[in-house]
Participant: 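One structure is given below, represented as structure tokens, and several questions about it will come after.
Here is how names work: the chains are called A, B, and so on, in the same order as the sequence lines, proteins then strands, and each is numbered from 1. Here the structure is a predicted model, which is why all the values come from computation and not from measurement.
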Protein chains: 2
Amino acid sequence: MTALSLLISGGLFYPGEHMNSSDELLAVRAAELYYDEGRTQDEIGAVLHITRWKVGRLLAQARTAGIVRIEIVHPRARRVLAEQAVKKRYGLNDIVVASSAGVSSPDELQRRVAQAAADYLTGLRPAPQTLGVSWGRTMHDVAACLPRGWAHGVGVVQINGGLSLTKTGDTASATALVIAQKAAGSAHVLPIPAILEHTATKRSIERDRAIAGVLDRAAHAEAYLFSAGVAGDDSALVHSGYLSTAEVAGLVRKGAVGDVVGRFIGADGAPVDAELDSRTVGLPLERIKASDTAIAVVAGEGKHAVARALVTNGLCTVLITDDLTAAALLDDAAAEETISECAS
Amino acid sequence: MTALSLLISGGLFYPGEHMNSSDELLAVRAAELYYDEGRTQDEIGAVLHITRWKVGRLLAQARTAGIVRIEIVHPRARRVLAEQAVKKRYGLNDIVVASSAGVSSPDELQRRVAQAAADYLTGLRPAPQTLGVSWGRTMHDVAACLPRGWAHGVGVVQINGGLSLTKTGDTASATALVIAQKAAGSAHVLPIPAILEHTATKRSIERDRAIAGVLDRAAHAEAYLFSAGVAGDDSALVHSGYLSTAEVAGLVRKGAVGDVVGRFIGADGAPVDAELDSRTVGLPLERIKASDTAIAVVAGEGKHAVARALVTNGLCTVLITDDLTAAALLDDAAAEETISECAS
DNA sequence: CAGTCATCCGCTCATCTGAGCATTCCGAGG
DNA sequence: CCTCGGAATGCTCAGATGAGCGGATGACTG
């Protein structure tokens, strides 16, 4: 058992760590009497023929050894220890790590993280005047989880294009709209594609008065809230029809670990394909990097690599994620692996 | 969630039970600060802007609601609450319920229960002068788990025949021998078949001077330690070659839920097949029923029904089992089911 | 609208518990 | 054999905590 897994999971017992075996049995017995039966340490001492101080020490040892595991099982539960560790290690301004205790499906975990993001946004003080948002499955969930009146009069700006080529109805703009509506604020949407075929087209679209106005607003937003996507067939950009699975596979070969506001980045946090990036409409990553409040919402097993890319390269100041991702971020072995994979 | 599952598993959280939703969130937050961060209730009160008494109440509610789950994860851990519930409900003299927390295989659970039985036997005071034992996979494990010197000079008597027809080496007698050896005592074995083809043969075997002596000793043993087997293809009596799978299937049709010291019983605790029973060598169930100390060791999912038969019919005074079996014994719905199955 | 009841809240007080310290125990080494 | 050092033990004491109580609050009823 690593100290890490203890930090995250609350600790699976692994025998023979710091305790003499007869003390170990006593500790188990004491823990049963204390936590299950609710006896006092004094009573337990009488039963086990030891002093109450020894009982206290055994209980403390039982907790550190992982014999006694205390878990907070609730959809809104957070992992405070993991939060502190990740925050400190990557120098974040703030962090929320949602607990996966008791989740039965990846979807449920995703929802929990979305809820955590909504809670974070609701509690954010001072509330931002203007908030730049991206779109996607995660952002959609965040918008859904936000309570009506989460803020008052926030200007919500869509920071990257997201008109779906495959589905009818603009779910990308809808996300920004919902977030704005629930804060009794105004939305500024970008009803344009995420990626265009030619750089020239992208340039001319950006010159459009209305579009340029929104992009300018986006560039001056006080805070950003965005998610990240996987680099794979499940990418939202593949589902929306902007990229083929072959194209994404090509990006992966170039080292892509996922996309952030429509731009595919490598482990170094920079776009892996300059040409593709030049055809992508939306806020440049530099702007997010320079922001004082860049809130990244990243959940799920497939996003560990992109989460790492975000936090190691200053692409977010606030991270909202799940405990498994947090564990991956704290796991040095996994870090080495990513690096070696990139090297190879 | 039933109160039962809470009792056994330590409680999976099921939202909205006795708490107002804003208190629920406060409780979660308080639990995080208290159990994960180790803050005092006073500090938590300051952070959450509530009094320390409210914090204490929230924490108490969080525990009863199952938001905070405290689990003792250790091979030797017991389930004290479940023990009390089962003991009271079935009027047992004593009980041990081993925890299945963290087990990865049915084998591991079986071993834990065997270990628990060995621990119980070791701690039994006064130690019995003579101990009647059965045989089987479970009993073999119990014998293996017993520490050298678990008692001093106990007479161990095999209470039912168990000469295997399929394997070489008498594992049944070996079990009794090991238990006796480890107590620096003497063993009295029954190197005879468990079930004979004709009642007459059984009678004549019983008349044999040596056999009769052992059986007489068995009948006068101070305590009994035995396991129970499933009524199915996995029965030890099938593996040993005494019964065919077809014969066992026939017994099941007659309502057999399992075997105890070689005798197949129904939910009523009585042999389901009088003829078969008359060909079975060993202590009659009445003797065990009349004993002051009859320790049954029953573990595993397949043995819930036979465990129920044992405890409902006074076939044991002490039960050593796992928490899942205990849960089944406390589950009234399951009880109804068994009864209706028997009726149909 | 007043009365009733249940609930929630903050408080007192007794108890429980953990931190810190002196003492004892035990094995290693002289 | 004695001495030493480290660990385990038992104790003091202050701080933390839970049980129980009376008052406030708010919903429901006649």
Participant: In plain terms, say whether A:D36 and B:R78 are close enough for a salt bridge, that is, a side-chain N and a carboxylate O under 4.0 Å apart.
Facilitator: no

Participant: Does B:Y34 put a side-chain nitrogen or oxygen below 4.0 Å from OP1 or OP2 of D:dA16?
Facilitator: no

Participant: In plain terms, say whether A:R111 and A:E108 are close enough for a salt bridge, that is, a side-chain N and a carboxylate O under 4.0 Å apart.
Facilitator: no

Participant: Between atom OG of A:S105 and atom CD of A:Q110, what is the distance when rounded to the nearest 0.5 Å?
Facilitator: 10.0 Å

Participant: Could you state the CG-C1' distance from A:D42 to D:dG10, rounded to the nearest angstrom?
Facilitator: 13 Å

Participant: Less than 4.0 angstrom between a side-chain N/O of A:Q41 and OP1 or OP2 of C:dG18, yes or no?
Facilitator: yes

Participant: Measure from CZ on B:R39 to P on D:dG15 and round the result to the nearest Å.
Facilitator: 18 Å

Participant: Please tabulate, one pair per line, each protein N/O and nucleotide N/O from nucleotides 5-7 of chain C that are separated by under 3.5 Å, including the distance.
Facilitator:
none

Participant: For DNA chain D, what residues of residues 43-55 of chain A have any heavy atom nearer than 4.0 Å?
Facilitator: A:T51, A:R52, A:W53, A:K54

Participant: Give the rounded distance in Å between these two atoms: CG of B:L59 and P of D:dA16.
Facilitator: 15 Å

Participant: Has the side chain of B:R57 got a donor or acceptor that lies under 3.5 Å from a partner of the other kind on the base of C:dG10?
Facilitator: yes

Participant: Evaluate whether atom CD of A:E301 has more than 12 neighbouring non-hydrogen atoms of other residues, nucleotides or ligands under 6.0 angstrom away.
Facilitator: no

Participant: Atom OH of B:Y35 and atom C1' of D:dT17: how far apart are they, to the nearest Å?
Facilitator: 11 Å

